[in-house]
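A quick write-up on the structure given underneath.
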Amino acid sequence: MTSLLSLERITKAYPGVLANDAVDFAVERGEIHALLGENGAGKSTLMKVLSGLTKPDSGQIVWKGDETTISSPQGSKALGIGMVHQHFALFDGMSVGENIALGLGGQLDDTRRTRIIEMSEKYGLPLDPDALVFTLSAGEKQRIEIVRALLGEPELLILDEPTSVLTPQEADALFATLRLLRDEGRGLVFISHKLNEVRALCERATILRGGKVVATCVPAEKSAEEIAEMMIGTRPVPTAKGQQNLGDVALEVKDLRTKDVRVPALAVRRGEIMGVAGVAGNGQEALYAYLSGEDLAPQANAIWLNGVEAGRSGPSQRRALGGAFVPEERLGHAAVPDFSLIDNTLLSNLGTDGFQRRGLINWTLTREHATEICDGYDVRHAGVTGRAASLSGGNLQKFIVGRELIKQPEVLVVNQPTWGVDMGSATNIRDQLKALAESGSALLVISQDLDELFDLADRLCVLNHGHLSEAKPTHEWTAETLGVAMTGDVQEQAA
């Protein structure tokens, strides 16, 4: 039987990096095939070859039994290949419907608006075609990418980390859709670091390491730990939490009420990790913006940082008070895509302790910081002078988290700390967060990964429709009670 798609000895090199080294990869009709590997293993490059964004240096692409070339994204779509990218390809100033119509090569009209609504409701990925993209969370933006790809009726659908910002319920709905597409005879490529999802969903898996195929397997026949060992060469073992030594309150919110969020009270002490759970689109971005100073609170005394009123202070002032911040969106928010890693290191360090400006900017020190970050967090890169956009999503995430943690901040606010990161790197990041708390810093972690929150947090609260609940010790929560709190009705007391 002829494969729907066959890649034969695909090789692609960049300066200093052999991204794909004679890779063989095939997908059958009616199959969900996982492509696995740690960050920088070569998965994204291989998919760029398929989507027409990158031309291989050598090797063959065989589509339905015939050798072909894919020279552009339009050519890839014309063959019948759809791609849901890890980094969103959206115009923030346009509406949801306009973005989808543009991607499909047309304009938004009533017929297309109706199709968008029907498709999104059918697949449990609700979208408002008239909503402006810049107002949406990362999870909602991911829904746009998935619905746009499905509207193109692809024969082969590639999904790069599609569930990284979805709740378990949303992921289950997506899996039902993917199984339906499989049963219709389509081929699917599923790229994910969530190995239990891979085991439940995929019939086969191809595993890359260092740009080479190192193994193939039936995921259901392997444990997540066995698959991880094939991916990274060893089994990641998370560090257990040390004994808590709580200090004074370092981050405090008092009666913060805006059109986006309502936080009656929140206090995070030194030595503590506070977790914030919630379904995508329930105010995570707004909460982060108020805590980081990107949006100013109505009153200065609504937010306190290390005992200082900070509600009307901007991000630079809050960093000077000992704060550090990691936003959810990597490219364009946490990092400037066309800036080098050195320049992106500089951006959030100006004016902070340990990185003071003395006349001219100390370029050598900045380069050393960038190199230290990359070495300490296993960031795979072609050089610290390279563009941030040249990194894979997981490697960029490791760089951004490391950039803030290297400063040993007294207060850290992080939104989705391990989004798109492989198991080994996620374990490392979580270990570093635990170590930071044990050293006496106060951490607030916003995450949609419930396993991550149960592993990290000393106390947990829930963000539901913009309302932040009272925090309770993590051991008093279960996945079920947390899920109910995340999706149930909010009973807010009158102001």
Side-chain angles (χ1 to χ4, degrees), residues 2-14 19-20 22-37 41-91 99-106 112 115-116 119 141-162 174 177-178 181-182 184-192 202 206 208 211 213 331 389-390 392-393:
T2 302
S3 297
L4 176 63
L5 169 76
S6 179
L7 301 180
E8 301 175 359
R9 299 192 66 77
I10 294 295
T11 299
K12 178 65 182 179
Y14 297 101
N20 290 149
V23 172
D24 293 327
F25 179 71
V27 182
E28 309 296 334
R29 292 178 174 86
E31 176 190 31
I32 305 177
H33 193 129
L35 182 63
L36 306 177
K43 306 183 302 296
S44 295
T45 298
L46 198 64
M47 293 304 101
K48 286 178 181 177
V49 168
L50 271 180
S51 60
L53 294 170
T54 295
K55 182 179 179 180
D57 298 330
S58 62
Q60 295 180 330
I61 302 172
V62 181
W63 177 254
K64 297 181 182 178
D66 297 323
E67 185 177 348
T68 188
T69 59
I70 304 176
S71 57
S72 68
Q74 292 74 21
S76 178
K77 291 177 182 177
L79 281 178
I81 299 174
M83 178 79 184
V84 177
H85 294 278
Q86 183 179 12
H87 287 151
F88 308 130
L90 302 171
F91 293 97
N99 268 281
I100 292 175
L102 183 63
L104 296 175
R112 184 156 277 162
R115 285 195 66 205
I116 291 169
M119 184 75 75
K141 291 176 183 178
Q142 181 70 283
R143 297 174 198 169
I144 301 173
E145 294 280 10
I146 295 171
V147 169
R148 179 166 62 184
L150 292 177
L151 284 168
E153 299 293 338
E155 291 185 70
L156 176 70
L157 181 62
I158 303 166
L159 301 107
D160 191 357
E161 298 287 349
L174 175 63
T177 300
L178 299 185
L181 294 170
R182 175 200 62 192
E184 292 173 347
R186 308 179 201 234
L188 296 98
V189 178
F190 188 79
I191 303 172
S192 177
C202 301
T206 296
L208 298 179
V213 175
L331 280 177
S390 69
S392 70

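Predicted model only: the values in this text are computed from it and were never measured.
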Identify the heavy atoms of A34 and C202 that sit nearest to each other, and give their distance. CB-SG, 3.7 Å

Please check if atom CZ in F91 has more than 12 non-hydrogen atoms from other residues, nucleotides or ligands closer than 6.0 Å. no

What distance do K55 atom NZ and T69 atom OG1 have between them, rounded to the nearest 0.5 Å? 8.0 Å

Do you know the tightest heavy-atom contact between L174 and P162? CD2-CB, 4.0 Å

Do L7 and V23 have side chains that approach each other closer than 4.5 Å (heavy atoms only, starting at C-beta)? no

Any side-chain heavy atom of P73 sitting closer than 4.5 Å to one from L53? yes

State the CZ-CG distance between R29 and L156, to the nearest 0.5 angstrom. 10.5 Å

Under 3.5 Å, is there a donor-acceptor pair between the side chain of H33 and the main chain of E28? no

L4 side chain reached by W63 side chain, heavy atoms, under 4.5 Å: yes

Closest non-hydrogen atoms of P56 and V49, given as atom of the first, atom of the second and distance, are CD-CG1, 3.9 Å

Pair L90-R148, side-chain contact (heavy atoms from CB on, under 4.5 Å): steps then yes or no: CA-CA 11 Å; L90 302 171; R148 179 166 62 184; 3.8 Å; yes

dist D24:CG -> E8:CD (nearest 0.5 Å) comes out at 7.0 Å

Between A89 and E145, which heavy-atom pair has the shortest distance, and what is it? N-OE2, 2.6 Å

Flag, side chain of N20 to backbone of I10, donor-acceptor distance under 3.5 Å: no

The salt bridge (charged side-chain N to carboxylate O under 4.0 Å, His left out) partner of E155 among R182, K64, R186, K77 is K64

Any donor and acceptor pair, going by atom type alone, linking the side chain of D160 with main-chain N or O of V84 inside 3.5 Å? no

Report yes if some heavy atom in the side chain of R143 is under 4.5 Å from a heavy atom in the side chain of I146; otherwise report no. no

Separation between OG1 of T45 and CG of L208, rounded to the nearest 0.5 Å: 10.0 Å

Evaluate the side-chain proximity of I61 to L5: yes if any heavy-atom separation is below 4.5 Å, no if none is. yes

Closer than 3.5 angstrom, by distance alone: can the side chain of S76 be matched with the main-chain N or O of L50 as a donor-acceptor pair? yes

Are the side chain of T206 and the backbone of L35 linked by a donor-acceptor contact shorter than 3.5 Å? no

With rounding to the nearest 0.5 angstrom, report the CD1 to OG distance, I70 to S51. 8.0 Å

Can you tell me how far CG of L159 sits from CG of L150, rounded to the nearest 0.5 angstrom? 8.0 Å

